Structures are given as C-alpha cells and as structure tokens.
Amino acid sequence: MPLKPFIKQLLISTLCLLFPLTSIQAAGEQTTHLQLPPAVMKHVSATIRIQQEPAEQVIEPVVIIDGVQQVIQSDDEGLYCEYTFDQATEVQLIQGSHSEKRPVNPIPLWLSILPPLIAILMALITKEVFSSLFIGLLIGTSVIYKYAGVGFFAAIFKGAFAIIDTYLMHALLSQEHLSIIIFSMLIGGMVTLISLNGGMKGVVNILSRYANNRRSGQLITYLMGLLIFFDDYANTLVVGNTMRPITDKLKISREKLAYLVDSTSAPIAAIAFITTWIGAELSYIQQGIAEIGLEASAYSVFLESLRYSFYPLLTLLFVPMLIWQKRDFGPMYKAEKQAKLSEIEITDKKKRSPQIMKELEMADDVTPRWFNAVIPVLIVVLGTIAGLIYTGWNPEVWGNQNINFTSKLSTTIGDADVFNALIWSSLAGVFAALLLTTSQRILNLKESIDGLINGFKTMFHAILILSLAWSLALLTEHLHTAEFITGLLTNINISPQFIPALTFVFSAIIAFSTGSSWGTMAIIYPLVLPAIWKIGLESGMNTEDILPLFYNAVSTVLAGAVLGDHCSPISDTTILSSLACSCNHIHHVRTQMPYALLVGGVALLAGTLPSAFGFPIIISYLIAAGILYAFIRFKGRRV
C-alpha cells in the first residue's frame, strides 16, 4: 500500500475514533438530567445537580446511590443532593417515566497535587513556562477523563481539547480575569506611548539626578513601591515600567528590579489599612468571627493581627537592608554581577527584532519632557483611588458619626469595584498620553494609535502565561487540591501554640501550588479560625489566652499566602512583575525564591513560633531583623 494513502487513511480513522467520542458525550450532556461535578474526588463531598424540564417539575425526582435513596435539597440553582464517594459506584435518577444511570469512579485525592506540582517543577527545571503549564493542565484533564471511563489515549486527546474548550475558555470568560487583561493592555499601550513621546526619557533624566548609582536607583524603586500601596497590580505595572530604563542605565539587573517590584506590591497591599485587598480580607475574617461568636469587628481583628504579620513586614525591611549593604547572594548575585559587567539595554535589544525596537523607541528629534509621562501615570494612580471611592461610596457609612475617617475610607475601598476602578483609570491615562502626544505634534493621530497597538502587542506574552495559570488554578479547584493539602493540617493533633506556624506553612504551600494568594485566604480562613478557637477551648485555655493565638493565625494566613505567591511561577503577581520589568519569568522566580524563603524561614522561626508561646513581639522583630542583617553581611557578596 502506498505511503500517502496509508497516512491519509490512518488520519481519517483516528479522527473518526476521537471526534465521535466528543460529540456523543456532548449530545448526552444535553439530554441528561444528572449533572456531576467536573471531577468527582474520593472522600470529598460532591454536589449532584438535577436538571428538570418545565413539564417534569411537578414530579418528585428520586436519586439512588449504592442502593440508598438520597435526600434532595434545593437552592437558587435548582435541585441537588450531596454525596461523598469512597469507591466506584452508580448514580441512578428516577423521575416519572425518565430513568437514568451514571457510573462514577472517584479520583484519589492525592492525584490532585500532580498538575500544579509537575507544572512548577518543570518550569523551574526547563526554564520554559508555556509548555510546563500546558503539561500540568494535560495531566490533570487526562486524569479526569481516564477516571470518567475513557480509554488511555482517548483521555489524553480529550484532555488536550478540554484545556482549550473548557479551562482556557472559562479562565478568559471571567470578568475579573478579562479586567486584568484589559488593564494590563491599557497600561502597556500607555507606557509605549509615553516612551515614544519622550515622557519616559524625561522622567529618567530627572530621576537620574537622584538615582546616580546602583544603591540610590534601587532605593528610589523601593520608595515608589511603598507610595503606590493601594493595589498590587497597579504598583507592579507602574513602578516596573517607570523604573526599568533607569535601572538599566545603572546596570541593575532585570531580576533585581523584578524582585524589588514584587516585594513592594503584595506585602504592602496586604497589610496597609486602605488597599484593594482589605475588602476580601475583612469578609473572610468576618466569616470566622461569626462562626465562633466573637464579639469584635472584622476590622478591629485585622488591626490586632498586624503586629503578627512577620513575613510582609520583614520583607519590607529586608529589601532596604540588601540595598544599603550593596550585597546579594545566590542566583541574584550572579544576575547582578552579569548585569554590571554588560549592557542590559544592548542585551535586551538583541532579543528583539529591529522593527519592534524601532516601533518602541523615541525618535531622535523628540524633546524629552517629564510631564508627558508623569501626568498619565498620576492620572492612573489618582484615578484608581477616585474610582475605588466612587464605586464603594455608601452614604450611610459616611453619615455615621460613630465611625472614624480611617474606618470609613477602609470600608469604602473594601466595598469598591476594584477592577472597574483600574480599567477606568488606565483608560484615562491612555487618553491623557494620547492627548499630550498629539497636541504637541510629537506624533500624529495615526502614529499615536500605531504606538498604542504596539504597546498592546507587548502584553501578549504575559497574557498567555496568565491565561494558562488561571486555567491551572481552575483545574486545581475542580480537583480539590487545596482540600488535599488542608486535610493534612486538620488531621494533625497538636498543641494550639503550633497552629499559627502550621497555618503559615500550609498557606504558603497552597498559594505556591495554586498561584493565588486570594484563593488561599478564601480556603484557609474558614478552616483555621474556628479550628484554633475550638482547639484552644478543648485544651483548657480561656478566651484571653486564645485571642493572641487567634490574631496570630489571622495574620499567618495572609503572610503565608503572600510567601507562596512570591515563590510560585504560576502566580499572577509574579508573572506581572516579570512582565513590567521585561525580565525572563523563570529567572525572576529562581532569583527571588531564595530571598523569599530566607525571610519566610526567619519570620516563622524567630517571629510566628515564639510569639505564639508568649515571647515579646518587639524582641522577635529585633532578633529577626538581626538575623537577616547578619545573613546579608556574612553570606552576601558585593557586586
């Protein structure tokens, strides 16, 4: 048989084998009345939904699992029942003349850790993030289909299709995710435009008077990160893009810039009184307070917990220590040494085509003017704050004379629509940059729009990584990866004084595995806060003794989430830091991780653990600061 007809016949046979499988299942899903979760995990409660036609709503459905009739409940989405599968079984639905059976083979919970774990390990080993995320997703989707009764090879093919038509689509259809994409693209367009109109060069010329050496350049970057404290996304993109030309000129590595940006975004946004994080934090804390019946406001608990926020505070202290001593260690030292011995701008230009560099460079006849950049950036910063206040404004809160100004402002920002505020402000910044550019006849309208579009293009790389990371986060949610990790914590019978330390570790692991600090808080807070209260009471402690441990646990959830977020290559803030600083993503992760783990380890051993046993907090901070300073002094090397 000739080779070409054989290959053609083989392809036709393969397609006929694969695509009917997909179409048959799709047709079945349209007619079935039983709706199972995307992944049924062993020993994890599953919600089984019952879809009814209008004519059948008068007939009471019956669900039988393992020969036992289940209790059917209802909510806003319709009828459902809860069941925990421990072994392969069959779900049967009887409703009038309609009868339906669905085999269920639950997935062992330990398999849920494989997709994020393999994706992270591959990314760190291969230094290539796209294929690593895709392989992690493929492993997870293939496992789901394999346990759904699909053959091995068909499960791989169907799993590959599901990455696109299920997980990537769901990730991109999220309003929050789309908001981040739009915000990032608008910031990218604005930055490109203020580079073309000479605004960025003007800012560089001014800051260069103060940032005239490596130490002052890093210090200004650090201070700018502290000033934009209200949102980690805005902080990362604005500071990274603004300071990159200056740090390049001073031969500060992109890896060091990305670390400075990343370490002054989430840590300051997590603990500041008025940030876009505060609403989520207070809502999670409020749930825990309500469950244990504690008579205190969520905001007061948050304020009390700040003294135990060792990792965020020590990170903000560790950064200026590094800057002042002019020392680095580990992979960061190698990156800094290489940057000092070479021209970063030239190295970076070699990676880009001449056409792209021409599109992003300021023309020789353009006069640098600092206000062409400062005005759009200020509009983004002040516009974000104004948007937060506008979307979160509540006349009842501001009319209440019993609430102080700080609490009113924090409540307002906590209730605000963060993503709308970011989009509005970034769009206003783009309009301002466009107006400044065209009104001064630096570029005509067509050239300005072309510049904006080129700026949008520069964001594609990061948006693709973000989309795959969000897809992996959704997969870990379906596989209940967090439940597997937290199950290890709840099964440990331990003294209540060790709970804050364990909470810190497990929060970091979950954030590292899922790439989401907010998701970690949502998972851990409802588990830990009631647990530490109950364990404390059962051990014979009174309320006054439990409260310090309770406050400590509140802070360690947040601190551990930020640590895991810093170390994870699939974290959105880590990806955005790499993007804003034009740094290789895996290089950023590899250089930042030793610093984050060092501060995290010191925070745990010198702060969280001894403070839980009543050791004075101020002394814990002094000891921790001394350890960090000594480590930099004796382990670090001058570049």
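What you are looking at is a predicted structure, and each value in this text was computed from that prediction instead of being measured. All residue numbers refer to positions in the sequence shown, counting from 1.
One distance of note links CG of Leu172 with CD1 of Ile164; it measures 9.5 Å at 0.5 Å rounding. Annotation: the span from Leu257 atom CG to Met243 atom CE amounts to 7.5 Å, rounded to 0.5 Å. The line from CG of Leu306 to CG of Leu313 is 7.5 Å long, rounded to the nearest 0.5 Å. Atom OG of residue Ser568 and atom CE of residue Met593 lie 8.0 Å apart, to the nearest 0.5 angstrom. One finds the CG atom of Leu436 at 8.0 Å from the CD1 atom of Ile442 (value rounded to the nearest 0.5 Å). We find the CD1-OG1 distance between Ile449 and Thr437 to be 10.0 Å, quoted to the nearest 0.5 Å.
Partner of Leu186 under the side chain to side chain contact (heavy atoms under 4.5 Å, CB included) criterion, out of Val380, Ile181, Val430: Val430 alone.
Nearest approach of Ala335 to Thr591, heavy atoms of both residues: CB-CG2, 4.4 Å. What you find for Ala511 and Ala561 is that their closest heavy atoms are CB-O, 3.4 Å. Pairing each heavy atom of Ser513 with each of Ile570, the nearest pair is O-CD1, 3.3 Å. Considering all non-hydrogen atoms of both residues, Ile379 and Ala432 come closest at CD1-CB, 3.4 Å. Nearest heavy-atom pair, Ala339 versus Ile252, reported as atom, atom and distance to 0.1 Å: CB-C, 4.2 Å.
For residues 442-452, the set of pairs meeting the side-chain hydrogen bond (donor to acceptor under 3.5 Å, both in side chains) definition, not counting sequence neighbours, comprises Lys446-Asp450. The side-chain hydrogen bond (donor to acceptor under 3.5 Å, both in side chains) analysis of residues 418-433, with sequence neighbours excluded, yields the pairs Thr384-Ser425, Asp417-Asn420.
Take Phe431 and apply the side chain to side chain contact (heavy atoms under 4.5 Å, CB included) test, not counting sequence neighbours, and it matches Leu427. For Ser578, the side chain to side chain donor-acceptor pair (under 3.5 Å) partners at least two apart in sequence or on another chain are His585. Applying the side chain to side chain donor-acceptor pair (under 3.5 Å) test to Thr573 and every residue at least two apart in sequence or in another chain returns Asp565, Ser571. Evaluation of the ring pair (Phe, Tyr, Trp, His ring centres under 6.0 Å) rule for Tyr167 yields His478 as partners, not counting sequence neighbours. Residues passing the side chain to side chain contact (heavy atoms under 4.5 Å, CB included) test with Ala433, sequence neighbours excluded: Met190, Leu193, Ile194, Pro376. Evaluation of the side chain to side chain donor-acceptor pair (under 3.5 Å) rule for Tyr595 yields Asp328 as partners, not counting sequence neighbours. In this structure, the ring pair (Phe, Tyr, Trp, His ring centres under 6.0 Å) partners of Trp398, at least two apart in sequence or on a different chain, are Trp393, Phe405. Evaluation of the side chain to side chain donor-acceptor pair (under 3.5 Å) rule for Ser131 yields Glu128 as partners, not counting sequence neighbours. For Pro115, the side chain to side chain contact (heavy atoms under 4.5 Å, CB included) partners at least two apart in sequence or on another chain are Leu472, Leu475, Leu479.
In this structure the side chain of Ser507 never reaches within 4.5 angstrom of the side chain of Phe512, judged on heavy atoms. The shortest distance between side-chain heavy atoms of Thr574 and Pro569 does not fall below 4.5 Å.
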Could you list the donor-acceptor pairs under 3.5 angstrom formed between side-chain atoms of residues 218-227 and any protein atom two or more places apart in sequence or on another chain?
{"residue": "Gln218", "atom": "OE1", "partner": "Lys256", "partner atom": "NZ", "Å": "2.8"}
{"residue": "Gln218", "atom": "NE2", "partner": "Arg214", "partner atom": "O", "Å": "3.3"}
{"residue": "Thr221", "atom": "OG1", "partner": "Gly217", "partner atom": "O", "Å": "2.9"}
{"residue": "Tyr222", "atom": "OH", "partner": "Leu316", "partner atom": "O", "Å": "2.6"}

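Checking side-chain atoms of Ser174 against main-chain N and O of Ala171 turns up no donor-acceptor pair under 3.5 Å. Using modelled atom types, no side-chain atom of Thr412 and backbone atom of Ile389 make a donor-acceptor pair closer than 3.5 Å. Between the side chain of Glu336 and the backbone N or O of Ser253 there is at least one donor-acceptor pair closer than 3.5 Å. Between the side chain of Arg244 and the main chain of Ala580, a donor-acceptor pair closer than 3.5 Å is present. Side-chain atoms of Ser265 come within 3.5 Å of backbone atoms of Asp262 as a donor-acceptor pair (strictly under, hydrogens ignored).
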Determine, stepwise, if the pair Leu138 / Thr141 fulfils side-chain contact (heavy atoms from CB on, under 4.5 Å).
CA-CA 5 Å; Leu138 182 60; Thr141 53; 4.2 Å; yes
Residue pair Gln440, Asn197: steps toward the side chain to side chain donor-acceptor pair (under 3.5 Å) verdict:
CA-CA 9 Å; Gln440 298 175 66; Asn197 68 17; over 6 Å; no
What verdict does the side-chain contact (heavy atoms from CB on, under 4.5 Å) test give for Arg254 and His588, after you've listed the backbone C-alpha separation in whole Å, the side-chain angles of each residue and the deciding distance to 0.1 Å?
CA-CA 8 Å; Arg254 295 280 176 86; His588 170 42; over 6 Å; no
Given Leu422 and Ser179, is the side-chain contact (heavy atoms from CB on, under 4.5 Å) satisfied, shown in steps?
CA-CA 8 Å; Leu422 289 173; Ser179 299; over 6 Å; no
Given the rule in the side-chain contact (heavy atoms from CB on, under 4.5 Å) test, do Leu260 and Val319 qualify, once you have shown the distances and angles that lead to the verdict?
CA-CA 7 Å; Leu260 295 174; Val319 173; 3.4 Å; yes
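For Lys334, the NZ atom sits in a loose shell: 12 or fewer heavy atoms of surrounding residues, nucleotides or ligands are nearer than 6.0 Å. For Tyr390, the OH atom is loosely surrounded, since the number of other residues' heavy atoms within 6.0 Å does not exceed 12.
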